[in-house]
Amino acid sequence: MTFSRRNFLAGTAAAAAVPPLLRPGAEAARTARILGPGPSALELLVNGQKRALEAEPRTTLLEALRWKLGLTGAKDVCDRGSCGACTVLVDGAPRLACMTLAVEMAGRAITTVEGLGTPDAPGAVQSAFIAHDAVQCGYCIPGLVVSAQAALNQGGELGPVQWRQALAGNVCRCGTYNKVIEAGLRAGGKAPAAGRPENAPACLESARARVDAPEKICGTAAYGADIRREGMLFAMHVLCPFGQAKLLAADVETVRRLPGVVDLEIDVGQDFRYSGAPAGWVCAESPAALRDALQALNLQWEPSPVETDPYKLHEQQHGAFPPAEEQRKSWRNADQAEEALRGAAVVLERTYATQVQTHTPLEPHGAMVDPTTTPAEGWFSTQGTFTCVETLTRGLKRDAKDVVVRCDYVGGGFGSKFGGGREGLKAAELAAKHGRPVRVFNSREVEQLDAGNRPGSLQWMKFGADKDGRILGGFWYVAGTVGVGGGGGASVAARYELGAVARTQVDLRGHHGAPRAFRAPGRPQGQYALESMLDELADALKIDPLDLRRKNETSEVRRRMYDVGAKEIGWERRQAAGAQKGRLRRGFGVACGDWGNDQGSCGIRLTALPDGRVHLFSGTQDIGTGQRSVLADVAADALGLDRSHIVVHLADSRYPEGPASGGSTTARFSAPAVRDAAARLLAALPGQDGRKPENPAAWDALLRRLPADGISVEGSFNDKYWGQGGSDAVQFVEVQVDAETGVVRVQKVVALQACGLVANRLTAENQVIGGVIQGISYALFEERATDPQLGNMLNADLEHYKIAGTADIPDIVPILWPQENGGVRSLGEPTTIPTAGAVANAVSNALGARVRALPITPDKVLAALEERA
């Protein structure tokens with residue numbers, strides 16, 4: 001088990017840690033092990049009110065706030081003080097609630113995010129966050145708001161650099177840092193523009209932030225992990241930490257006798273073949289009892305050595321890497337590719353490698369299932385409301401009509417949260433067995449081990465071009481590291497003309513959890529390799545890599561983007577690769593992407609009521625993309641109403657069915673359905689004949705004449721409102737590389753993104769910025785570190801699994817590309833595809849040396865420089 005202060009306090013040392021502060025509690029009589037005093041009376045001053053509760057000496061302030069007082073704005077994410085999501089103020093100064101004992105806070109003034117303001121009356125910092133749309137999924141935002149308030153409390157000049165430093169302890173997995181910095185500047189008395197107002201012509205709504213920003217930013221939005229029920233049980237899976245191991249023993253009977261333990265099942269004697277394989281579960285009355293039980297299991301493993309090196313795995317499973325020439329002759333188009341290479345002026349053969357990246361949503365995978373309600377409720381952290389219904393019915397053994405799935409707010413997913421998962425199934429099974437609500441949410445360690453990842457890859461390429469830079473063709477071989485799963489292919493989004501290409505892909509199976517879809521699955525790794533090869537061909541031909549792309553580009557939209565982006569980034573300042581000799585070297589890179597725009601299905605219900613409001617019902621969910629705002633702004637436009645008259649209801653399996661939030665389909669499938677429903681509502685309103693009322697007063701007069709239950713219509717996807725065309729992307733990157741330390745700092749990114757009709761400018765810009773930041777994090781930092789012999793993940797936490805933070809972000813310029821055929825198109829996925837390739841090319845341009853394996857860490861930079869020398 002990973003060590004933390006909380007685990008330490010769960011043992012016998014808890015009794016000695018702070019005994020003078022509490023009267024003696026009840027002894028744990030059913031076990032020989034002394035766990036320390038039981039719960040005792042405690043009074044805390046929280047948000048200006050005295051709150052009485054009972055707490056054990058080892059109860060953290062975070063547990064007291066969330067499970068004793070119902071203040072769930074502070075989030076339980078890392079359990080080790082490394083993410084900032086649980087930040088509160090203690091006597092005006094920031095404090096990590098997960099690393100603070102509740103008993104230490106007696107007599108101190110505690111302020112949580114809820115104490116800084118409410119959705120109806122937000123505080124100054126919260127108002128600034130709302131105005132700048134400094135939020136996506138929102139799970140980390142309460143901690144960021146409190147940290148920002150703490151920075152203001154400390155006084156002093158707070159410019160962009162100081163704000164980056166002040167918030168460096170807070171992690172935002174969605175990547176909304178730039179908006180947060182804007183909000184901080186506003187809260188400090190400056191007046192930065194909200195986003196990039198130049199994007200307004202492409203947008204329906206340009207000024208207002210997302211509909212649910214006040215709830216998320218003020219800490220009142222209830223996520224699945226926040227839901228509490230009277231008598232709720234807490235359960236968690238036990239995982240095998242090693243790549244291959246046998247579970248020799250566990251103190252199961254000891255754990256059964258522990259106070260608060262309700263049920264458990266541990267597979268002693270079984271063999272497990274991957275790190276993260278489920279080996280059992282424990283169910284208890286409280287988080288503390290669950291923690292005691294997990295620690296007291298005293299699991300005894302017999303691990304066996306496993307192979308983790310992808311090159312050796314390839315040799316074992318598929319032979320030599322790369323495949324021999326004789327083997328390549330069997331690939332499709334091999335003859336044409338070989339012929340193309342014979343006619344090339346330059347031929348390059350390269351291998352590029354990408355790492356395994358874990359999804360790491362801050363709200364872990366899980367569910368709370370309550371079998372005592374009618375219908376039975378399942379609160380999931382999910383990207384698919386309707387994909388969880390089967391999990392719930394199977395676990396509860398009930399019909400679909402007798403259950404409801406809800407996910408009002410979701411703390412990130414990035415492709416890993418389709419379906420109810422083993423967490424949701426176990427919650428439902430235990431709820432059915434015990435007749436009580438059951439909560440099953442992963443710990444951070446469990447989350448990192450086996451809740452999804454982007455597979456790594458080895459990519460061998462052999463491509464040729466003529467003397468003018470026209471790509472003639474070549475070979476491309478991809479070996480994806482997939483653990484116990486499949487689907488390790490690397491693909492490309494941008495449709496360059498590559499000539500005759502012979503391409504094939506294999507999976508490398510190993511001893512880790514299976515990959516899951518991850519924002520633009522396959523594309524970032526494939527695009528990184530392709531864009532790197534294009535720059536290497538340009539360098540070999542001594543031509544500008546931007547000119548080479550123009551020669552091989554297939555999209556007229558992207559051709560125009562090149563000119564705008566090059567001017568914005570200052571491409572004319574780019575020097576030839578290797579021309580710089582100083583310590584700090586500047587480089588420029590470019591890369592492309594796109595995303596498809598197929599049609600789909602979605603249902604929408606609109607109900608107009610005589611109070612002047614129109615209620616919109618959709619079973620789709622908002623995982624941080626701004627779906628509530630998309631629906632509200634499209635409906636307001638279609639009906640001729642102000643957005644304030646639209647009330648959006650989401651993420652309930654009793655509502656009209658919509659797509660899961662994946663493949664960048666949610667907005668583009670639901671927006672045409674909203675317009676279809678709006679047309680039906682206008683046709684159904686008496687005397688309108690499908691016309692919009694002339695003004696708000698006419699709307700109010702019309703709706704007042706409706707019956708008390710109003711009028712309801714249902715719409716569906718209608719291709720009449722579907723916009724043709726894809727979501728082209730071009731990104732330009734400027735970096736600074738320290739040739740002595742190997743540290744890479746991204747200075748600026750210009751992200752040009754076509755996405756058709758933009759429903760809401762601020763949320764769209766936020767998606768572009770977030771995609772870029774996740775791309776930077778992938779390019780420079782993130783990597784699953786594995787013991788090379790035992791296969792266990794060495795950084796299954798948020799301390800050592802590095803995610804880009806405020807100190808790592810550059811100036812990001814999101815340019816929303818205006819287009820005709822005005823339907824809503826994909827936005828979430830394409831924004832993250834080009835970034836790693838553009839960063840890699842910029843680093844190579846600065847150094848004249850190529851790092852061909854992600855992430856581009858200082859040691860790899862220095863090794864590339866030494867190899868070049």
Do Asp212 and Tyr409 get their side chains close enough for a donor-acceptor pair, meaning under 3.5 Å?
-> no

Gly619 backbone acceptor or donor facing Thr385 side chain under 3.5 Å = yes

Show your reasoning for whether side chain to side chain contact (heavy atoms under 4.5 Å, CB included) applies to Val146 and Thr112.
-> CA-CA 7 Å; Val146 175; Thr112 71; over 6 Å; no

Verdict with supporting geometry, Glu782 and Arg454, salt bridge (Lys or Arg N to Asp or Glu O under 4.0 Å) = CA-CA 11 Å; Glu782 294 186 50; Arg454 189 190 299 281; over 6 Å; no

CA sep, side-chain torsions, deciding dist, call: Leu96, Thr87, side chain to side chain contact (heavy atoms under 4.5 Å, CB included) | CA-CA 5 Å; Leu96 297 170; Thr87 305; 3.8 Å; yes

Using atom types as modelled and distance alone, determine if a side-chain donor or acceptor of Asn766 lies under 3.5 Å from a backbone N or O of Asp133.
-> yes

Side chain to side chain, Gln767 and Gln136, heavy atoms closer than 4.5 Å = yes

Would Gln621 and Thr382 satisfy side chain to side chain contact (heavy atoms under 4.5 Å, CB included), going step by step from the backbone distance to the final call?
-> CA-CA 8 Å; Gln621 51 293 306; Thr382 182; 5.7 Å; no

To the nearest 0.5 Å, how far apart are CE in Met793 and CD in Gln448?
-> 5.0 Å

Indicate whether any N or O donor in one side chain lies under 3.5 Å from an N or O acceptor in the other, for Ser629 and Asn760.
-> no

Is there side-chain contact between Pro437 and Met368, with heavy atoms separated by less than 4.5 Å?
-> yes

Is there side-chain contact between Arg523 and Glu829, with at least one heavy-atom pair below 4.5 Å?
-> no

Separation between CD1 (Ile217) and CD (Glu215), nearest 0.5 Å, reads 9.5 Å

Is there a side-chain contact between Val440 and Trp281, using heavy atoms and a 4.5 Å cut-off?
-> no

Donor-acceptor pair, side chain of Arg439 and main chain of Ala225, under 3.5 angstrom = yes

Does the Arg516 side chain pair with the main chain of Lys417, one donor and one acceptor, at a distance under 3.5 Å?
-> no

Heavy-atom closest pair, residues Ile773 and Gly175 = CD1-O, 3.4 Å

Just how far is it from atom CH2 of Trp595 to atom OG of Ser664, taken to the nearest 0.5 Å?
-> 6.0 Å

What one should report as the nearest heavy-atom pair of Gly791 and Ser275 is O-CB, 3.5 Å

Please examine the side chains of Glu423 and Asn442, heavy atoms only from C-beta on, and report whether any two atoms are closer than 4.5 Å.
-> yes

Could you pull out the closest heavy-atom pair between Asp808 and Lys802, with the gap in Å?
-> OD2-NZ, 2.9 Å

Can we say Arg444 and Glu447 salt-bridge, meaning some charged N sits less than 4.0 Å from an Asp/Glu carboxylate O?
-> no

Would you say the side-chain atoms of Gln627 and Ser661 include a donor-acceptor pair closer than 3.5 Å?
-> no

When every non-hydrogen atom of Cys218 is compared with those of Pro122, the smallest separation belongs to SG-CB, 4.0 Å

Give the intermediate values and the outcome of side chain to side chain contact (heavy atoms under 4.5 Å, CB included) for residues Tyr778 and Thr354.
-> CA-CA 9 Å; Tyr778 178 60; Thr354 62; 3.4 Å; yes

With no hydrogens and no angle check, is any side-chain donor or acceptor of Gln149 less than 3.5 Å from a backbone partner on Val125?
-> no

If you take all heavy atoms of Ala279 and Cys240, which pair is closest and at what distance?
-> CB-N, 4.4 Å

Is the backbone N or O of Asp370 less than 3.5 Å from a side-chain atom of Trp379, with the two atoms forming a donor-acceptor pair by type?
-> no

Verify, without hydrogens or angle tests, whether Asp450 (side chain) and His512 (backbone) share a donor-acceptor contact under 3.5 angstrom.
-> no

Under 3.5 Å, side chain of Thr360 to main-chain N/O of Thr358, donor-acceptor pair present?
-> yes

Assess the side chains of Thr832 and Gln774: does a donor N or O sit below 3.5 Å from an acceptor N or O?
-> no

Compare every heavy atom of Leu798 with every heavy atom of Cys83, then report the nearest pair and how far apart it is.
-> CB-CD1, 3.9 Å

Testing Gln383, His359, His365 for side-chain hydrogen bond (donor to acceptor under 3.5 Å, both in side chains) with Ser416, which one passes?
-> His365

Give a yes/no verdict on a cation-pi contact between Arg291 and Phe234, requiring under 6.0 Å between NZ or CZ and the six-membered ring centre and an angle within 45° of the axis.
-> no

Gln753 side, atom CD; Ile769 side, atom CD1 - distance, nearest 0.5 Å | 12.5 Å

Separation between SG of Cys86 and CG of Leu65, rounded to the nearest 0.5 Å | 9.5 Å

State whether the side chain of His511 and the backbone N or O of Gly243 hold a donor-acceptor pair below 3.5 Å, judged by distance alone.
-> yes

Side chain to side chain, Arg210 and Thr763, heavy atoms closer than 4.5 Å | yes

Taking atom OG of Ser443 and atom CG of Leu290, what is their separation to the nearest 0.5 Å?
-> 9.0 Å

Okay, side chain of Ser826, backbone of Arg668: is any donor-acceptor separation there less than 3.5 Å?
-> no

Glu765 versus Lys179: any side-chain heavy-atom pair under 4.5 Å?
-> yes

Quick one: does Ile856's side chain get under 4.5 Å of Leu854's, heavy atoms only?
-> yes

